[in-house]
S.K.: 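Here it is, the structure in full.
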Amino acid sequence: GDSVTQMEGPVTLSEEAFLTINCTYTATGYPSLFWYVQYPGEGLQLLLKATKADDKGSNKGFEATYRKETTSFHLEKGSVQVSDSAVYFCALRHTGNQFYFGTGTSLTVIP
Amino acid sequence: EPEVTQTPSHQVTQMGQEVILRCVPISNHLYFYWYRQILGQKVEFLVSFYNNEISEKSEIFDDQFSVERPDGSNFTLKIRSTKLEDSAMYFCASSEATGGQETQYFGPGTRLLVL
């Protein structure tokens with residue numbers, strides 16, 4: 001069945017460091033892929049999405065490219081800030097209503 | 001910006017008790033969902049709801065669970081007789097429409113602890 005595997009955390013980076021959080025998926029066909037972020041005390045917020053192969057989603061300096069050949073959707077940011085500290089969830093959605101999420105990766109950025 | 005809200009933020013209950021988790025979806029959304037995340041595990045889909053009916057449910061959503069839209073704004077998840085393994089964070093979500101590209105908007109979650 002459909003599933004998502006993402007890099008385990010926690011991840012701790014210094015401000016302005018480069019961020020990569022790996023995400024791979026298993027699905028038949030062409031799912032849509034999402035990154036959600038959860039800041040402390042808040043709900044899951046959509047960060048970016050891509051709906052077909054080779055699409056690049058981007059928002060707030062974060063990017064992820066839908067790679068069909070490697071079944072991946074890695075999240076990257078060139079220079080992280082303290083305010084990026086949060087839990088990041090990779091997810092896929094196929095033809096049904098439900099999302100399939102990864103376990104979440106906790107990111108802490110230190111000044 | 002409109003948001004999904006959930007109450008309570010935390011709930012502690014005794015095993016065997018009934019709990020009701022409440023959600024207020026975004027007002028013009030028509031599709032509603034519940035997910036849960038057991039500590040250290042993945043966020044798992046429980047159920048989706050549209051037009052006063054369950055449209056899809058997972059294997060987790062057994063007879064002890066039920067959902068209801070009791071009025072025009074609330075969407076509730078009831079667990080009839082809680083078990084220890086029901087301890088988890090429960091997320092409500094809503095969307096305007098459905099389909100593979102549609103974004104679901106999530107609430108902050110209710111942390112349920114069953115003792």
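Remember, predicted model here, so these are calculated numbers, not experimental data. First the proteins, then the strands, lettered A, B, ... as listed; each starts at 1.
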S.K.: Let's go through A:K49 and B:T103 carefully: what are the C-alpha distance in whole Å and the side-chain angles of both, what is the deciding distance for side chain to side chain contact (heavy atoms under 4.5 Å, CB included) to 0.1 Å, and is it a yes or a no?
M.R.: CA-CA 9 Å; A:K49 69 179 184 182; B:T103 297; 3.3 Å; yes
S.K.: Hey, is CD on A:E16 packed in by over 12 heavy atoms from elsewhere, all under 6.0 Å?
M.R.: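 Atom CD in A:E16 is not packed in, count stays at 12 or less.
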S.K.: Do other residues, nucleotides or ligands put more than 12 heavy atoms under 6.0 Å from B:E59 CD?
M.R.: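 Counting other residues, nucleotides and ligands, CD of B:E59 stays at 12 neighbours or fewer.
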S.K.: Using only atom types and a distance under 3.5 Å, with no angle test, would you say the side chain of B:K42 pairs donor to acceptor with the backbone of A:V4?
M.R.: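 Checking the backbone N and O of A:V4 against the side chain of B:K42, a donor-acceptor pair under 3.5 Å is found.
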S.K.: Do B:F75 and B:Y50 belong together in a cluster built from hydrophobic side chains that touch within less than 4.5 Å?
M.R.: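 No; B:Y50 is not reachable from B:F75 via cluster members.
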S.K.: Using the rule that Ile, Leu, Val, Met, Phe, Trp and Tyr join whenever any side-chain heavy atoms are under 4.5 Å apart, tell me whether A:V109 and A:V11 fall into a single cluster.
M.R.: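 In one cluster with A:V109: A:V11, yes.
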S.K.: Assess the residue pair A:Y36 and B:F106 against the criterion (ring-ring contact (aromatic ring centres under 6.0 Å, His included)); give the C-alpha distance rounded to whole Å, side-chain angles, the decisive distance to 0.1 Å, and a yes or no.
M.R.: CA-CA 10 Å; A:Y36 278 82; B:F106 286 79; 5.2 Å; yes
S.K.: Given a strict heavy-atom distance threshold of 4.5 Å, which part of A:Y39 is in contact with chain B: side chain, backbone, both, or neither?
M.R.: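 Neither part.
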S.K.: Do A:R93 and B:F45 have side chains that approach each other closer than 4.5 Å (heavy atoms only, starting at C-beta)?
M.R.: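 No, every pair of side-chain atoms sits at 4.5 Å or beyond.
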S.K.: For A:Q38, is it the side chain, the backbone, both, or neither that has a heavy atom closer than 4.5 Å to a heavy atom of chain B?
M.R.: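 Answer is side chain: those atoms of A:Q38 sit under 4.5 Å from chain B.
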S.K.: Between A:L46 and chain B, with a heavy-atom cut-off of 4.5 Å, which part of the residue counts as in contact: side chain, backbone, both or neither?
M.R.: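 The answer is the side chain of A:L46.
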S.K.: Given that the side chain runs from C-beta out, which part of B:Q104 has a heavy atom under 4.5 Å from chain A: side chain, backbone, both or neither?
M.R.: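 Contact with chain A: backbone and side chain both.
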S.K.: For the hydrophobic clusters of this structure (ILVMFWY residues joined by side-chain heavy atoms under 4.5 Å, transitively), does one cluster hold both A:L75 and A:V87?
M.R.: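 No.
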S.K.: Would a distance-only check, ignoring hydrogens and angles, find a side-chain to backbone donor-acceptor pair under 3.5 Å from B:Y35 to A:F99?
M.R.: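 Checking the backbone N and O of A:F99 against the side chain of B:Y35, a donor-acceptor pair under 3.5 Å is found.
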S.K.: Between chain B and each of A:T103, A:L33, A:L92, count heavy-atom pairs under 4.5 Å; write down the option with the most.
M.R.: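 Among the listed options, the one with the most contacts to chain B is A:T103.
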S.K.: Taking atom CG of B:L39 as the centre, report whether more than 12 heavy atoms of other residues, nucleotides or ligands fall under 6.0 Å from it.
M.R.: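 Not more than 12 within 6.0 Å, no.
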S.K.: If Ile, Leu, Val, Met, Phe, Trp and Tyr residues are connected whenever their side-chain heavy atoms lie under 4.5 Å apart, and connections chain through other members, are A:L47 and A:L44 in the same group?
M.R.: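 As far as the 4.5 Å side-chain criterion goes, A:L44 and A:L47 are not connected within one cluster.
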S.K.: Does B:Y90 share a hydrophobic cluster with B:V43, counting links as ILVMFWY side-chain heavy atoms below 4.5 Å and allowing steps through other members?
M.R.: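 No, it is not one cluster - the side chains of B:Y90 and B:V43 are not joined through contacts under 4.5 Å.
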S.K.: Select one option (side chain, backbone, both, neither) describing which atoms of A:Y30 are under 4.5 Å from chain B's heavy atoms.
M.R.: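 Neither part.
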